[in-house]
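Inspection log for the structure reproduced underneath, given as structure tokens.
What you see is a predicted model, and the numbers here were worked out from it, not measured in a lab. Here is how names work: the chains are called A, B, and so on, in the same order as the sequence lines, proteins then strands, and each is numbered from 1.
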There are 2 protein chains.
Amino acid sequence: MQQEVILAMLAKEASHGYELRARLRDALGPLGEAMNAGQVYVTLTRLEKAGLLAVERSADDADRSDRKVYTLTPNGQQRVTEWIAEVSWPKPDLAEFHLKLIAAASAGLADPLTIVDTQRRELLRRLRDAQRAAMAEPSRSNAALLLEGIVLRLQADLRWLEACEKNWTHRRRIS
Amino acid sequence: MQQEVILAMLAKEASHGYELRARLRDALGPLGEAMNAGQVYVTLTRLEKAGLLAVERSADDADRSDRKVYTLTPNGQQRVTEWIAEVSWPKPDLAEFHLKLIAAASAGLADPLTIVDTQRRELLRRLRDAQRAAMAEPSRSNAALLLEGIVLRLQADLRWLEACEKNWTHRRRIS
DNA sequence: ATCCCCATGTCTAACGGTTATCCATATTGC
DNA sequence: GCAATATGGATAACCGTTAGACATGGGGAT
């Protein structure tokens with residue numbers, strides 16, 4: 001959970017930490033299930049220390065003044081604005097699997113083709129799950145859109161596994 | 001850099017930390033450029049503390065006995081074996097961008113379609129870079145294979161951006 | 001010979017994301 | 001009434017990453 005996501009959610013309205021988590025889960029659909037509240041609070045605490053948000057005592061829950069409402073500071077607001085204008089994308093994370101194949105082969109630990117095959121089965125299973133989940137969501141909803149991205153990702157990764165299979169098959173022939 | 005990758009590389013042969021990094025970089029091609037040695041040493045230290053590898057004083061460099069050679073312990077060997085048999089895949093990481101769009105729209109910070117457009121340009125640039133890099137690598141090499149995966153990934157993500165554009169265009173019409 | 005740069009090799013503090021678990025209070029269902 | 005659940009908060013620890021520091025030796029330029 002990137003810090004800026006939390007800040008951006010607070011740009012709309014101040015919230016309790018728990019409420020923030022609920023809003024994030026709502027936006028993520030099934031993919032937000034695994035998000036735990038501890039994560040949100042850790043991030044909120046760090047952001048507060050950095051002066052990007054402030055804590056107010058809840059006014060709404062008159063009999064529960066121990067409840068915190070988190071709200072952006074001007075610095076926090078500015079950070080959100082900057083973030084919106086920034087362009088970034090997650091770093092590719094295929095290296096671990098790639099290195100697994102290489103290490104397994106070079107150390108004689110396993111047949112890379114077997115590893116690829118097993119992985120393919122898992123990705124196919126995940127693909128089916130994601131497609132099923134997407135169809136269960138309302139059309140054009142936030143969750144459906146995100147799941148669509150996951151589906152496309154998995155399809156691309158499966159194509160890469162095909163390429164891995166070909167590559168390692170060829171190497172096996174050579175050696 | 002996942003711990004098990006380090007362990008698996010050591011399954012082939014014991015190495016200096018710096019040597020390990022070189023071997024990893026070799027396997028990753030251009031994508032390994034950013035990997036710094038500090039990262040490897042942090043991981044090696046943690047693994048040593050966990051009893052998965054041991055340190056021996058370098059015998060090869062007779063006049064440089066302060067050099068360390070890292071080698072697997074039996075527990076480390078076992079962990080590698082287990083890892084090879086495990087099936088996992090990186091968690092999807094499209095949520096941050098997705099939430100950026102949602103937050104920007106709901107807090108009135110920016111037009112999601114503008115964000116998508118800007119991001120698309122960036123991904124296209126990265127795609128060209130990756131394709132160019134792939135062509136510069138020897139055919140069927142480790143680096144070429146990994147770059148192929150990156151290319152496929154970027155293509156999938158661009159497709160998702162198309163879907164995002166459609167989705168948010170439709171929402172704009174509705175509201 | 002001396003100096004500087006680079007390569008090999010090692011180390012470390014800090015940041016940020018994640019996870020598991022704990023605590024507190026109020027509400028709901030049996 | 002009691003247990004389970006929901007709302008709300010907190011924290012230690014782990015792990016990957018990053019930036020930067022340090023040490024030694026070799027090679028090239030002066």
Side-chain angles (χ1 to χ4, degrees), chain A residues 1-7 14-26 28 31-53 55-70 79 83 88 90-93 95-96 99, chain B residues 1-7 14-26 28 31-53 55-70 79 83 88 90-93 95-96 99:
Chain A
M1 179 52 45
Q2 222 179 353
Q3 295 191 352
E4 284 86 1
V5 166
I6 298 280
L7 290 177
S15 304
H16 301 287
Y18 220 78
E19 190 182 353
L20 259 187
R21 185 187 66 150
R23 284 167 60 193
L24 288 163
R25 278 178 154 185
D26 188 51
L28 295 175
L31 290 168
E33 291 303 313
M35 183 190 318
N36 82 68
Q39 189 179 342
V40 174
Y41 281 99
V42 169
T43 304
L44 285 169
T45 303
R46 286 173 180 170
L47 288 167
E48 189 191 354
K49 276 182 183 156
L52 298 178
L53 58 81
V55 181
E56 296 163 352
R57 287 296 159 182
S58 179
D60 295 344
D61 313 282
D63 48 351
R64 307 197 63 178
S65 62
D66 54 337
R67 294 294 156 87
K68 294 177 170 177
V69 172
Y70 296 90
R79 180 71 203 110
W83 180 60
S88 69
K91 287 176 54 173
D93 54 9
E96 275 71 32
L99 291 169
Chain B
M1 177 51 48
Q2 224 180 347
Q3 296 192 351
E4 284 85 1
V5 166
I6 298 281
L7 291 177
S15 304
H16 300 291
Y18 213 81
E19 192 181 354
L20 258 187
R21 185 187 67 148
R23 285 167 59 195
L24 288 164
R25 276 180 155 184
D26 188 52
L28 295 176
L31 289 169
E33 292 303 312
M35 182 188 320
N36 82 72
Q39 187 179 341
V40 175
Y41 281 97
V42 168
T43 303
L44 286 169
T45 304
R46 286 172 181 169
L47 288 169
E48 188 190 353
K49 276 179 184 159
L52 298 179
L53 57 82
V55 181
E56 296 163 352
R57 287 295 159 183
S58 177
D60 295 344
D61 313 279
D63 48 351
R64 307 195 62 175
S65 61
D66 53 338
R67 294 295 156 88
K68 292 176 169 177
V69 172
Y70 297 88
R79 180 69 203 110
W83 181 59
S88 69
K91 287 175 55 172
D93 52 9
E96 274 72 32
L99 290 170

Can you tell me if the side-chain N/O atoms of [X] get under 4.0 Å from OP1 or OP2 in [N]?
{"X": "B:Lys68", "N": "C:dC11", "result": "yes"}
{"X": "B:Gln2", "N": "D:dC15", "result": "no"}
{"X": "B:Tyr41", "N": "C:dT10", "result": "yes"}

All side-chain contact (heavy atoms from CB on, under 4.5 Å) counterparts of [X], not counting sequence neighbours:
{"X": "A:Tyr41", "result": "A:Tyr18, A:Ala37, A:Leu44, A:Tyr70"}
{"X": "B:Asp93", "result": "A:Pro90, A:Asp93, A:Arg153"}
{"X": "A:Ala22", "result": "none"}
{"X": "B:Arg46", "result": "B:Gln3, B:Val42"}

Nearest heavy-atom approach of A:Arg25 to A:Met35 is NH2-O, 3.4 Å
Ignoring hydrogens, what is the shortest heavy-atom contact between B:Ala95 and A:Leu28? Give both atom names and the distance. CB-CD2, 3.7 Å
Spacing between [X] atom [atom1] and [N] atom [atom2], to the nearest angstrom:
{"X": "B:Leu7", "N": "D:dG16", "atom1": "CG", "atom2": "P", "value": "10 Å"}
{"X": "A:Asp93", "N": "D:dG16", "atom1": "CG", "atom2": "P", "value": "14 Å"}
{"X": "B:Arg21", "N": "D:dA19", "atom1": "CZ", "atom2": "P", "value": "14 Å"}
{"X": "B:Lys91", "N": "D:dC15", "atom1": "NZ", "atom2": "P", "value": "16 Å"}
{"X": "B:Leu99", "N": "C:dG17", "atom1": "CG", "atom2": "P", "value": "13 Å"}

First encountered from the 5' end of DNA chain C, between B:Glu19 and A:Thr43: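 Per heavy-atom nearest nucleotide, the more 5' residue is B:Glu19.
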Where the side chain of [X] is concerned, which of [options] is the nearest nucleotide?
{"X": "A:Val42", "options": "D:dA10, D:dT11, D:dT18", "result": "D:dT11"}
{"X": "B:Tyr18", "options": "C:dG17, C:dT8, D:dT11", "result": "C:dT8"}
{"X": "A:His16", "options": "D:dG9, D:dG16, D:dA13", "result": "D:dG9"}

Residues within residues 31-40 of chain B bordering DNA chain D, heavy-atom distance below 4.0 Å: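 Result for residues 31-40 of chain B: B:Asn36, B:Gly38, B:Gln39, sorted by number.
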Salt bridge (Lys or Arg N to Asp or Glu O under 4.0 Å) with A:Arg79: which residues, sequence neighbours excluded? A:Glu4, A:Glu82, A:Glu86
For a quick check, tell me whether the side chain of B:Arg46 and the base of D:dG16 share a donor-acceptor pair closer than 3.5 Å.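 Yes.
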